[in-house]
Amino acid sequence: MAYQKVKGTNDFYDLDSKKLRYIEGVVTNIIKDYGFSEMITPIFENTEVFVRSVGEASDIVTKEMYTFLDKGERSLTLRPEGTAAIVRCFVENKLFGTPGIKKYYYFGPMFRYERPQKGRFREFHQFGAEIYGDASPYLDAEVILSAYRILTELKIKGVKLKINTIGDFISRENYSKALKEYFKDKLDKLCDDCKNRYNKNPMRILDCKVDSDSDILKNAPKIKDFLTDEAKAYFNTILKCLDELKIPYVVDSSLVRGLDYYTDTVFEFISDFDGLAICAGGRYADLVKSFNGPDLPGIGYAFGVERVKDIMEEEGLFPNLERCVDVVIISLDDDSKISALNLAYNLRKEKLSVEMDYKNNSLKPQFKLSDRVNPRFIVIIGEAERESGIYTVKDTINKIEEKVKLDKIVSFIKGE
Ligand code: HAM
């Protein structure tokens, strides 16, 4: 049916859109405390931006990208994730030019051609944070701490932090060799995609969705046995920080994450509620360089906003977002409509939301409007009010009615 939304996408309106914006407000306020500034990049990029970074053997690139040719025959892709686009922007605009570490956050829609199911959509929103310029386990710990703080601030409990390291370059080289050796005579028992992954990047076999339950994958060599001393020491310092900061975690030596750009630390916050990752991220030592930028390491994470919203709805964590209007102005004659327009103008200048009825002068339809939008205050203006300059203001929560002088209405409503 042509006029239905595309499978795997969502409409957000009324309360749902407020919930999305509420989450955005909370997370962006927190992340600004950590010194991040916002980066807004296009919804689509040249396809190469994602192929080279996320990885040719990854599920995202091989199966999930919305890629199309534009009228100029350029291959473009709706962004399946934020990190690659943020790095592209960081390098293209030479944002590395000044000293110090650089911190950016983003909030917006991402697109993946996945099988739609609970918590998994074809268009979904991510809130992400990325930092460039420092490779220190203390920074890794602080990044994880900031994600933890977001969860705490949103009052989300029952989340498990899974963490692992996939080591430095040498660790991963040795591990790749060991995986190739291990899978060499088992390829016929794996899916066709895994055969392809074997040649391109054998680590991607470990996040195969088809073979995930097979003993072959479960018994595969673990990265922890191939870590260099430096990689081990780096990881242990992060764990020590998490211990000291009393952030609970489990080390999951099978966690490798499905994107090729990761190096060293990888982590996921898994919800007990549905077993899904609500936030995931890690370190990427070489991504900036691979976009022809300087040799600057990066680290970051992204939250799945729909998943956060699901949990918050399930656990009743949203505040009352129903009230959408601060003031309704009721006007009882045509001249009062003009006074109402003037008052609405002054209230809105003070960031108060106002509704009024433009057509009716009788009370009944105007109270109907008021019932519908559930305002915090109702102001009534009629001939007597206009002449005396004293208006009737109803406080709908405390259920009181006051006579307020016109020039005091704004401060009265703002509670000043
Ligand atoms: P990711 O694990 O692919 O990582 O996605 C991050 C989060 O986005 C997931 O944990 C999940 O909550 C949400 N998510 C992913 N796919 C879907 C979907 N189809 N429907 C709903 N939610 C989804 C990344 O995207 C990396 N860029 C994260 C990162 C940032 N790493 C470093 N910096």
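Remember, it's 1-based here, ligands and their atoms both numbered in the order they're listed. Numbering starts at 1 and runs along the sequence shown.
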Would you kindly check if the NZ (Lys) or CZ (Arg) of R172 is within the cone defined by 45 degrees around the ring axis of F226 and under 6.0 Å from the six-membered ring centre? no
Short list, please: which atoms of ligand 1 are under 4.0 Å from a heavy atom of T83? 26 (C), 27 (N), 29 (C), 30 (C), 31 (N), 32 (C), 33 (N)
Which of the numbered atoms in ligand 1 are under 4.0 angstrom from any heavy atom belonging to I278? 12 (O)
Would you mind listing which atoms of ligand 1 come within a distance below 4.0 Å of any non-hydrogen atom of G281? 31 (N)
Proximity to ligand 1 by part of R307, non-hydrogen separation under 4.0 Å: side chain
Per-atom contacts of ligand 1 with A280, taking only distances under 4.0 Å to non-hydrogen atoms: 2 (O), 10 (O), 28 (C), 29 (C)
Close-contact set for ligand 1 against Y301 heavy atoms, below 4.0 Å: 29 (C), 30 (C), 32 (C), 33 (N)
Partners meeting side-chain contact (heavy atoms from CB on, under 4.5 Å) with I247 (sequence neighbours left out): L145, Y148, L161, L242, L245
Does Y13, at its OH atom, have more than 12 non-hydrogen atoms belonging to other residues, nucleotides or ligands within less than 6.0 Å? no
Residue portion contacting ligand 1 (non-hydrogen atoms closer than 4.0 Å) for M110: neither
Is the NZ or CZ atom of K394 positioned over F377's six-membered ring, under 6.0 angstrom from the centre and within 45° of the axis? no
For atom 3 (O) of ligand 1, which of R112, R257, E81 has the closest heavy atom? R112
Quick one: do the Y284 and D264 side chains pair a donor with an acceptor below 3.5 Å? no
Counting N and O atoms only, with roles assigned by atom type, does the side chain of Q366 sit under 3.5 Å from a partner on the main chain of S362, one being a donor and the other an acceptor? yes
Test item: Q117 side-chain N/O and R115 main-chain N/O as donor-acceptor pair under 3.5 Å: yes
Going by the order shown, which atoms of ligand 1 are within less than 4.0 Å of some heavy atom of E130? 30 (C), 32 (C), 33 (N)
K351/D326 salt bridge by N-O under 4.0 Å criterion: no
Heavy-atom proximity to atom 8 (O) of ligand 1, best of Q126, R283, R120: Q126
Give the residue and atom name of whichever protein heavy atom lies nearest to atom 10 (O) of ligand 1, and the separation in Å to one decimal. A277 O, 3.3 Å
Measure the distances from the heavy atoms of G128 to every atom of ligand 1 and state whether one is below 4.0 angstrom. no
Identity of the nearest option to atom 21 (C) of ligand 1, non-hydrogen atoms only, from G304, A129, G119: G119
Establish, for the pair K186 and Y182, whether the NZ or CZ atom is under 6.0 angstrom from the six-membered ring centre and no further than 45 degrees off its axis. yes
Please classify the Y262 to ligand 1 contact at 4.0 Å (heavy-atom distances, strictly less than): side chain, backbone, both or neither. side chain
Okay, side chain of D357, backbone of N360: is any donor-acceptor separation there less than 3.5 Å? yes
Got the closest protein heavy atom to atom 19 (N) of ligand 1, with its distance? E114 OE2, 2.6 Å
Nearest heavy atom to atom 17 (C) of ligand 1 wins, so pick from F124, F267, Y261, F303. F124
Do we see a donor-acceptor contact under 3.5 Å between the side chains of N164 and S253? no
Atom 20 (N) of ligand 1 - nearest protein heavy atom and its distance: F121 N, 2.9 Å
